[in-house]
Number of protein chains: 2
Amino acid sequence: MLTSMNPTRRRDRAATRAALLDAARLRFSRHGYDGTGVREIAADAGVDPALVFRYFGSKKELYARAVRPEVPEGLADDTGRSAAELADTLLHEVVLADWEEYGGEHPLLAMLRSSGHADVREQLRAQVCDGYLRTFAERLPEGAPELRAEMLGALLLGLGVMRSVVGSPALTAAPSEETRALFARMVAPLVEEG
Amino acid sequence: MLTSMNPTRRRDRAATRAALLDAARLRFSRHGYDGTGVREIAADAGVDPALVFRYFGSKKELYARAVRPEVPEGLADDTGRSAAELADTLLHEVVLADWEEYGGEHPLLAMLRSSGHADVREQLRAQVCDGYLRTFAERLPEGAPELRAEMLGALLLGLGVMRSVVGSPALTAAPSEETRALFARMVAPLVEEG
DNA sequence: AGCATAAGTCATCATCTGTTGACTTGGCGT
DNA sequence: ACGCCAAGTCAACAGATGATGACTTATGCT
């Protein structure tokens, strides 16, 4: 029997680290890197601020560990699907999904708030281009596949921004069938020949 | 004869204010509100930091005066043009134009870096929805014009983000004819009936 | 020339920032 | 029961932050 897995868990390294990471992820996402203080994160996690440096060394390192946009693995190897199907998957992944750990928006969108820092911009570029768009570009017919892939990326990112940052009424209220249909018709020119 | 309109102009209220505004606009755009210090702005303007508060009262007020996204007046009254033509104009305005005063990107994109603040988000929403997209929505056929307009907004914002923040290679390098053509084909489903 | 006033300077404030190191406390193995 | 080591606490640091007010200096008018 475990000695004490009690309600007020005390002195649990892993749990404390996790609480810190969760709180950091949320605050960094909502308020950006510069708008977030170490003491605020620690307070949210119910933990002493000094532990941030005990466990992560610096605020910067904590940011790097907390907000890590992970490219879904379902993309790279799933060779059976067409470019159009893939775009629809990405629409759900990037725009429609909730991502509550990141304050309700996709990590890549949250990172825009910290894009004053070159590190963050570089990570953004790598994730978007090498992560998400590469596999899409490979399924495209000849004729500037990179440009087409990047325009899909633009549409996805833009929809996310409109929904979670700008808060435009129609897109925020109705992320339903009509949006999906219009999206599909806009993507169509990208996957066609020509 | 004006007493002294000399090379090293000194003690010129209007010029100092303007220098401060210019420097603030650039730094706020590049590094966001929280990433920018009053002393840095003043240093860029070659001016004492205390003058920021003399002339603007607070950092917040300076931000408000410096970065004010202005909806181009050419949009509202220009009734002769089709929705498609209007979209093309917006492409140039928002995505392709240089906006060197704002660090090379459209003010609305620069504001994303400060979107952790509710004031900024609200200004973004107002500018995008009430400013840019309204006149576009009015030129649309029936059938959810707001949603269609917002999807155009998404594409525009997304293209801007891809170019100036993410820095995706194809879009950054070649903002030329091919981009314009693909854009037009993506916008087509938005302006059509059905 | 001299004066009044606006424009610019300076030192300084209180607070907040990330970060550190020395201290205390709790839990586990013996 | 005891002692060890990891986990957590605390006070304090140096520097940056936004902001203030008293001071100085230039400029334009008479």
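Everything quoted here is computed from the prediction, not taken from an experiment. Proteins come first, then strands; the chains are lettered A, B, ... in the order of their sequence lines, and each starts at number 1.
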Checklist entry - Hey, are the side chains of A:Thr16 and A:Arg13 touching, using non-hydrogen atoms and a 4.5 Å cut-off? => result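 Contact flag for A:Thr16/A:Arg13 side chains = no.
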
Throw together a table of side-chain donor-acceptor distances under 3.5 angstrom for residues 37-51 of chain B, partners on residues two or more places apart or in other chains.
from: B:Glu40; atom 1: OE1; to: B:Gly37; atom 2: N; distance (Å): 2.7
from: B:Asp44; atom 1: OD1; to: B:Arg27; atom 2: NH1; distance (Å): 3.0
from: B:Asp44; atom 1: OD2; to: B:Arg27; atom 2: NH1; distance (Å): 2.6
from: B:Asp48; atom 1: OD1; to: B:Ala50; atom 2: N; distance (Å): 2.9

Checklist entry - Does the side-chain hydrogen bond (donor to acceptor under 3.5 Å, both in side chains) test come out yes or no for B:Ser115 and A:Arg113, once each step is laid out? => result CA-CA 6 Å; B:Ser115 67; A:Arg113 253 163 230 129; 2.8 Å; yes

Checklist entry - Does NZ or CZ of B:Lys59 come closer than 6.0 Å to the centre of the six-membered ring of B:Phe53, within 45° of the ring's axis? => result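 Negative - B:Lys59 is either too far from the ring of B:Phe53 or too far off its axis.
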
Checklist entry - Will you find, in the side chains of A:Asp34 and B:His31, an N or O donor that is under 3.5 Å from an N or O acceptor? => result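 Their side chains do not contain a donor-acceptor pair, so the 3.5 Å distance test is not met.
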
Checklist entry - In the 5'-to-3' direction, what one-character label does each nucleotide of nucleotides 4-20 of chain D receive under the scheme B = base within less than 4.0 Å of a protein heavy atom, S = sugar-phosphate only, - = no such atom? => result ---BBBB-B----BBBB

